[in-house]
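Let me begin by presenting the structure, written as structure tokens, before commenting on it.
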Amino acid sequence: MRAAVDGLGSPYSLVDLLPAVYQEDPFTVRLTAGWDTVIAPVISTLDCLDAYLDPRLAPEDVLAWLAERLGTQLDEKWPEARKRAATAGALPGHRDRGTVGGVRERIALATGGTVQLVDSGGVFTSRTPGTPFPPDLPSAVEVRVTVRSDEETGFVDLDSLTQQCMPAHVPYRTEVVRG
């Protein structure tokens, strides 16, 4: 949360913007000095706005807000570097959402592992409307995540993460491989 910072001065003193007659009045000088103290964090924030909107530079409390505005979800248990990477990749990730590369990248970022997507290849087409599907046709994508230790995926719900990443009509199975 942004707040007043002790000793933070305003580069734009309000008393300097007033006519000379008010600049000589002690009450007006004290009053505008109080306002300067209150608006100094606002001016500082506006002067550094580009840093607040850059996931590499934004303060951690602003990073969560920025990620939410970019349409991505951060897990509060993630290390800061992973949060920053997820936020930075959110906008390009929307372009790739639902594609093999997009699913792979999002799951790899969340788990810290290597992701393989294996399609079963089960495809059925017919020129006759209403043809029933063959009963033994397996059709699902297998999501295999290879991780180095239990700690890396201990806090990630791989099924719900995969459900968020995969297109709605695509069935899938998940598997974690320790390697």
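The backbone N or O of Leu18 sits less than 3.5 Å from a side-chain atom of Gln23, completing a donor-acceptor pair. Judged purely by atom type and a 3.5 angstrom limit, Ser44 has no side-chain atom pairing as donor or acceptor with the backbone of Ala40. A donor-acceptor distance shorter than 3.5 angstrom exists from the side chain of Arg82 to the backbone of Leu109, with no hydrogens or angles considered. Of the possible polar contacts, none joining the Thr28 side chain to the Glu24 backbone as a donor-acceptor pair under 3.5 Å is found. A donor-acceptor pair under 3.5 Å is formed between the side chain of Arg84 and the backbone N or O of Ala58.
Residues Val118 and Val141 have side chains not in contact (no heavy-atom distance under 4.5 Å, counting atoms from C-beta outward). Side-chain contact check for Tyr172 versus Thr174: some heavy-atom pair is nearer than 4.5 Å.
Counting non-hydrogen atoms of neighbouring residues, nucleotides and ligands closer than 6.0 angstrom, the CZ atom of Arg97 reaches no more than 12 such neighbours. When the shell of 6.0 Å around OH of Tyr22 is examined, it contains 12 or fewer heavy atoms from other residues, nucleotides or ligands.
Looking at every heavy atom in both residues, Asp75 comes nearest to Lys83 through O-CE, 3.5 Å.
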Show your working on side chain to side chain contact (heavy atoms under 4.5 Å, CB included) between Leu14 and Ile39 and close with a plain yes or no.
-> CA-CA 10 Å; Leu14 292 176; Ile39 66 168; 4.2 Å; yes
Could you please spell out the steps behind the side chain to side chain contact (heavy atoms under 4.5 Å, CB included) verdict for Trp65 and Leu70?
-> CA-CA 9 Å; Trp65 174 86; Leu70 292 173; over 6 Å; no
Kindly indicate, with the supporting measurements, whether the criterion side chain to side chain contact (heavy atoms under 4.5 Å, CB included) is fulfilled by Thr32 and Ser13.
-> CA-CA 8 Å; Thr32 57; Ser13 177; 5.5 Å; no
Please step through side chain to side chain contact (heavy atoms under 4.5 Å, CB included) for the pair Val145 and Thr114, ending with a clear verdict.
-> CA-CA 6 Å; Val145 181; Thr114 305; over 6 Å; no
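Checked against Gln116 for a side-chain hydrogen bond (donor to acceptor under 3.5 Å, both in side chains), the options Glu175, Arg144, Glu142 give a single hit: Arg144.
Placement of Val100 and Leu161 within a single hydrophobic cluster is found when ILVMFWY residues are connected by side-chain heavy-atom separations under 4.5 Å, directly or transitively.
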